[in-house]
2 protein chains.
Amino acid sequence: MATIREIAEKANVSIATVSKVLNRKGGISQETVNNVMKIARELNYRPNFTARSLKNGQSRTIGVITEDLTVFNTPEIVDGIDAYCENNGYHYILGNLRFNKRFGNQPDPEECAKLVHSQVDTMLSKQVNGIIYVGYHSRAIAPVYNYEEIPFVYTYCYSTDPNIPCVLYDDQKAAYEATQLLIDRGHCDIGVIAGPTNSIHSANRILGYQEALYANKIPFNPKHIVYGNWERDIGYELSKELIQSGVTAIFAHNDLMAAGVIDYCTEHKIQVGKDLALIGFDNREIGTASRPKLSTVSLPLFDMGQTATQVLLNILAGKHIQRGQKVMLACTIIERESTMPASDSC
Amino acid sequence: MATIREIAEKANVSIATVSKVLNRKGGISQETVNNVMKIARELNYRPNFTARSLKNGQSRTIGVITEDLTVFNTPEIVDGIDAYCENNGYHYILGNLRFNKRFGNQPDPEECAKLVHSQVDTMLSKQVNGIIYVGYHSRAIAPVYNYEEIPFVYTYCYSTDPNIPCVLYDDQKAAYEATQLLIDRGHCDIGVIAGPTNSIHSANRILGYQEALYANKIPFNPKHIVYGNWERDIGYELSKELIQSGVTAIFAHNDLMAAGVIDYCTEHKIQVGKDLALIGFDNREIGTASRPKLSTVSLPLFDMGQTATQVLLNILAGKHIQRGQKVMLACTIIERESTMPASDSC
DNA sequence: AATTACATAGAAAACGTTTAAATTTAGGCA
DNA sequence: TGCCTAAATTTAAACGTTTTCTATGTAATT
């Protein structure tokens with residue numbers, strides 16, 4: 001690779017002059033500028049990013065740690081980070097932890113923490129100016145040991161440390177709107193298939209659900225909430241319970257469990273969309289593949305990536321950020337075939 | 001961040017000594033080693049990767065260019081690259097082109113090329129030692145203008161330049177095996193719903209299909225091959241044609257079109273798995289969501305990532321590589337419910 | 001006591017840049 | 001001619017490392 005020095009030699013000027021020309025600093029005669037530029041082009045010169053950032057002491061680079069790139073939704077968030085970086089003259093380096101292949105569904109917090117630490121170390125070594133942590137478990141598994149050292153922003157999960165800013169989607173609002181849709185379609189006996197009882201996401205969604213019932217003066221029946229494990233089979237099981245207890249609509253807290261509901265209904269000749277209204281959560285591909293197509297809640301993934309980056313770059317630019325700021329982004333309701341008007345209203 | 005210089009001061013030794021200790025070079029007394037190590041730990045020292053690679057003139061870093069990270073399959077390939085790099089002491093930097101959001105289904109080769117060039121420029125700037133190009137169109141859209149400058153390896157797509165090594169999956173073999181499965185299940189009138197006529201992948205799959213027919217002494221009927229556009233709707237349309245012409249099994253060249261076949265059959269009370277055998281390609285989530293569950297071909301994505309990296313690192317290590325080498329990795333057949341034995345055999 | 005050998009440590013240059021300060025050059029004016 | 005100014009260019013140091021070569025001190029050998 002050609003260096004500034006080689007250009008200087010060919011052009012019969014000093015390396016300082018070349019540097020100034022290349023960085024458009026001015027104070028150089030037009031003739032010299034032209035000549036240097038021409039030679040740089042001829043030599044196919046490319047500035048050495050490494051040398052430059054060593055000298056300048058700044059890399060304009062942020063680190064992006066993903067708990068698992070292959071987990072659905074993560075790439076879309078990274079895409080948002082990518083776009084925002086590009087539009088703001090920043091670079092990023094990706095550090096993928098591969099939690100899924102390493103740990104499956106039972107991540108060992110100890111081991112996870114080690115991976116995060118070593119990734120953070122590597123990134124600090126590479127002089128990043130800040131780090132975005134993209135989780136996929138509701139709460140980041142691995143605590144960040146010393147976040148004072150470098151600005152951190154979490155997205156797609158709550159941070160373990162309440163002082164670190166998070167960029168999240170608004171579960172409660174989304175659940176409110178999903179429930180309202182069901183109510184608008186004429187339902188008042190609305191069941192909920194939630195995630196595990198310890199899920200923050202489900203807890204917030206239940207809040208939104210209750211809020212919507214309250215706003216519509218529909219009494220809340222605790223029996224209408226049942227708890228699953230996010231898997232398809234449990235959706236099948238729980239829908240039986242719910243339907244037998246008389247609900248005419250179900251709000252499943254993810255599309256997989258909603259697919260289980262459809263399985264059960266198909267098997268028992270209950271027409272989803274006619275006899276039972278159903279809405280899921282996540283907007284996965286499975287929702288367009290099912291019969292009927294599934295109404296669902298779509299997550300603002302790309303936007304989360306962009307916003308997380310924006311928050312981080314703001315911090316880097318010295319803009320005052322409230323400690324522990326939580327940015328909540330709105331989801332969008334996608335109505336498909338599984339939520340048609342019920343025959344009778346309440 | 002602490003530097004080697006600060007450590008040297010605190011330890012009352014020269015920076016050369018510190019460097020030697022940190023790099024375990026030997027020739028330093030145990031006492032000094034202990035002292036320097038202790039101070040380094042106290043100061044939370046982390047080597048400056050930038051300075052180090054500037055000095056050494058090597059980054060042990062490769063570039064990974066993805067045409068689109070959010071396109072299904074890409075993250076899994078990157079995961080493989082990640083794993084292989086980690087196991088071999090290499091770093092990688094990701095450059096995501098976001099073709100999908102930028103261009104949709106009609107990528108402009110001119111614009112694509114520009115993006116690739118600028119990404120390659122950036123990576124060369126950052127002193128990468130080689131580049132892996134992860135495509136998703138059958139042939140890389142953007143030609144690499146000057147591959148002499150740095151080793152390139154393509155994966156998941158054919159390169160525009162025949163001299164660049166590619167790591168691919170073996171369409172022909174997979175198609176052979178998929179067809180053989182249909183034959184084993186008792187079918188001899190086997191239709192094919194291929195991709196567009198200009199698809200290299202489909203062309204190879206048709207070859208494998210014909211080969212299997214030949215091996216089983218089943219006459220080849222050109223009418224049994226119809227061409228689609230990879231979309232679900234076209235699967236619906238074409239299955240009508242095929243079924244009317246008397247096939248009892250269909251090999252769809254992707255899962256989406258296979259889903260369209262199921263749509264048609266469900267609507268016309270044809271029982272897939274009983275009246276009609278069906279196998280798709282790609283192993284997308286949709287195949288487990290459909291009723292019946294779809295038999296399909298699973299791509300060796302992770303393996304492709306690993307192998308592409310292996311090929312690149314071999315080149316970097318100076319191992320002789322045949323120009324234009326094509327590495328073909330085997331797919332796996334996944335049998336689910338859509339390929340049950342037919343009632344009569346041929 | 002002089003020489004050699006070895007273990008340990010340090011000095012200095014280098015990697016490819018940027019930049020403040022110094023120097024050269026040319027032109028304008030008394 | 002001599003001086004001043006502004007423009008153009010160069011010098012040199014610095015960023016944080018690694019590494020070669022050299023220097024020092026001590027112990028072993030003659």
Side-chain angles (χ1 to χ4, degrees), chain A residues 1-37 39-40 43-61 89 91 121-129, chain B residues 1-40 43-61 89 91 121-129 149:
Chain A
M1 291 257 296
T3 70
I4 222 178
R5 189 156 278 116
E6 294 175 49
I7 298 177
E9 266 166 38
K10 293 231 180 195
N12 260 315
V13 293
S14 73
I15 58 165
T17 304
V18 175
S19 175
K20 280 176 201 152
V21 170
L22 259 19
N23 292 293
R24 297 177 173 70
K25 289 276 179 188
I28 307 286
S29 74
Q30 194 54 48
E31 194 193 353
T32 309
V33 169
N34 291 343
N35 190 232
V36 168
M37 287 306 252
I39 293 175
L43 293 180
N44 202 10
Y45 171 79
R46 257 177 288 259
N48 184 321
F49 185 90
T50 304
R52 189 176 271 182
S53 62
L54 174 61
K55 184 63 184 72
N56 293 343
Q58 57 151 335
S59 58
R60 283 190 79 80
T61 298
H91 300 248
D121 272 346
T122 305
M123 287 181 167
L124 286 173
S125 242
K126 293 186 176 183
Q127 313 303 111
V128 299
N129 303 129
Chain B
M1 291 258 296
T3 69
I4 222 178
R5 190 156 277 115
E6 295 175 47
I7 298 177
E9 268 168 36
K10 294 231 180 196
N12 261 316
V13 294
S14 72
I15 58 166
T17 304
V18 175
S19 175
K20 280 174 202 154
V21 171
L22 261 18
N23 292 294
R24 300 181 169 66
K25 290 277 177 187
I28 307 287
S29 74
Q30 194 55 48
E31 192 192 355
T32 311
V33 169
N34 292 343
N35 190 233
V36 167
M37 287 308 251
K38 179 165 147 283
I39 294 175
L43 294 180
N44 201 11
Y45 172 78
R46 258 179 286 262
N48 184 321
F49 185 89
T50 304
R52 190 176 271 183
S53 62
L54 175 61
K55 183 65 184 71
N56 293 342
Q58 58 151 335
S59 58
R60 285 188 78 80
T61 298
H91 299 249
D121 272 345
T122 306
M123 288 181 165
L124 286 174
S125 244
K126 293 186 175 182
Q127 313 303 113
V128 301
N129 304 129
E149 213 165 338

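All chains are named by letter (A, B, ...) in the order of the sequence lines, taking the proteins before the strands, and each is independently numbered beginning at 1.
Counting non-hydrogen atoms under 4.0 angstrom, A:Thr17 reaches a base of the nucleic acid. B:Gly57 comes within contact range of no nucleotide atom at all, as no heavy-atom separation falls under 4.0 Å. No engagement by A:Phe49 is indicated, since no non-hydrogen atom pair under 4.0 Å with the nucleic acid exists.
One atom, CD1 of A:Ile7, and another, P of C:dT17, lie 8 Å apart when rounded to the nearest Å. Taking atom CG on A:Asn34 and atom P on D:dA8, their separation rounds to 13 Å, with Å as the unit. The CG atom of A:Leu22 sits 15 Å away from the P atom of C:dG16 (whole-angstrom rounding). One interatomic measurement links the two molecules: NZ of B:Lys25 to C1' of D:dC21, which rounds to 15 Å at whole-angstrom precision. The distance from atom CD of A:Gln30 to atom P of D:dA7 is 15 Å, rounded to the nearest whole Å. Put simply, CZ on A:Arg5 is 7 Å from P on C:dC15, counting in whole angstrom units.
Here the shortest heavy-atom pairing between A:Thr122 and B:His91 reads CG2-CE1, 3.7 Å.
Between the side chains of A:Gln30 and A:Asn34, at least one donor-acceptor pair of N or O atoms lies under 3.5 Å. Side-chain contact annotation: B:Ser14 with B:Thr17, donor-acceptor N/O pair under 3.5 Å present.
Considering only side-chain N and O atoms, B:Ser53 lies nowhere under 4.0 angstrom from the phosphate OP1 or OP2 of C:dC15. Dashed line: the shortest gap from a side-chain N or O of A:Thr3 to OP1 or OP2 of C:dC15 is not under 4.0 Å. In terms of phosphate contacts, B:Thr32 brings a side-chain nitrogen or oxygen within less than 4.0 Å of OP1 or OP2 of C:dA9. OP1 or OP2 of D:dT9 has at least one side-chain nitrogen or oxygen of A:Ser29 nearer than 4.0 Å. For A:Arg52, a side-chain nitrogen or oxygen approaches OP1 or OP2 of C:dT18 to under 4.0 Å. Checking the phosphate oxygens (OP1, OP2) of D:dT18, a side-chain nitrogen or oxygen of B:Ser19 falls inside 4.0 Å.
Of all nucleotides listed (D:dG16, D:dT18, C:dG10), C:dG10 comes nearest to the side chain of B:Val13. Of the candidates C:dA9, D:dT17, D:dT10, C:dA9 carries the atom nearest the B:Ile28 side chain, counting heavy atoms from C-beta on. When distances run from any side-chain atom of B:Asn23 to the nucleotides D:dT18, C:dT17, C:dG10, the shortest one goes to D:dT18. Comparing atom distances between the A:Ala51 side chain and each of D:dT17, C:dG16, D:dT9 picks out C:dG16 as nearest. If you check C:dG10, D:dT17, D:dA8 against the side chain of B:Ile15, the one that comes closest is D:dT17. Checking C:dT17, D:dT17, C:dG10 against every side-chain atom of A:Asn48, the shortest atom distance belongs to C:dT17.
Taking CG from A:Asn23 and CZ from A:Arg52, the interatomic distance works out to 5.0 Å, rounded to the nearest 0.5 Å.
With hydrogens and angles disregarded, a donor-acceptor distance shorter than 3.5 Å links the side chain of A:Ser53 to the backbone of A:Phe49.
If you check distances only, the side chain of A:Lys55 never reaches the base of D:dG16 with a donor-acceptor pair under 3.5 Å. For D:dT10, the base has a donor-acceptor partner in the side chain of A:Lys20 [N/O atoms by modelled type, under 3.5 angstrom].
Side-chain atoms of A:Thr3 and A:Asn48, non-hydrogen and from C-beta on, never get closer than 4.5 Å to each other.
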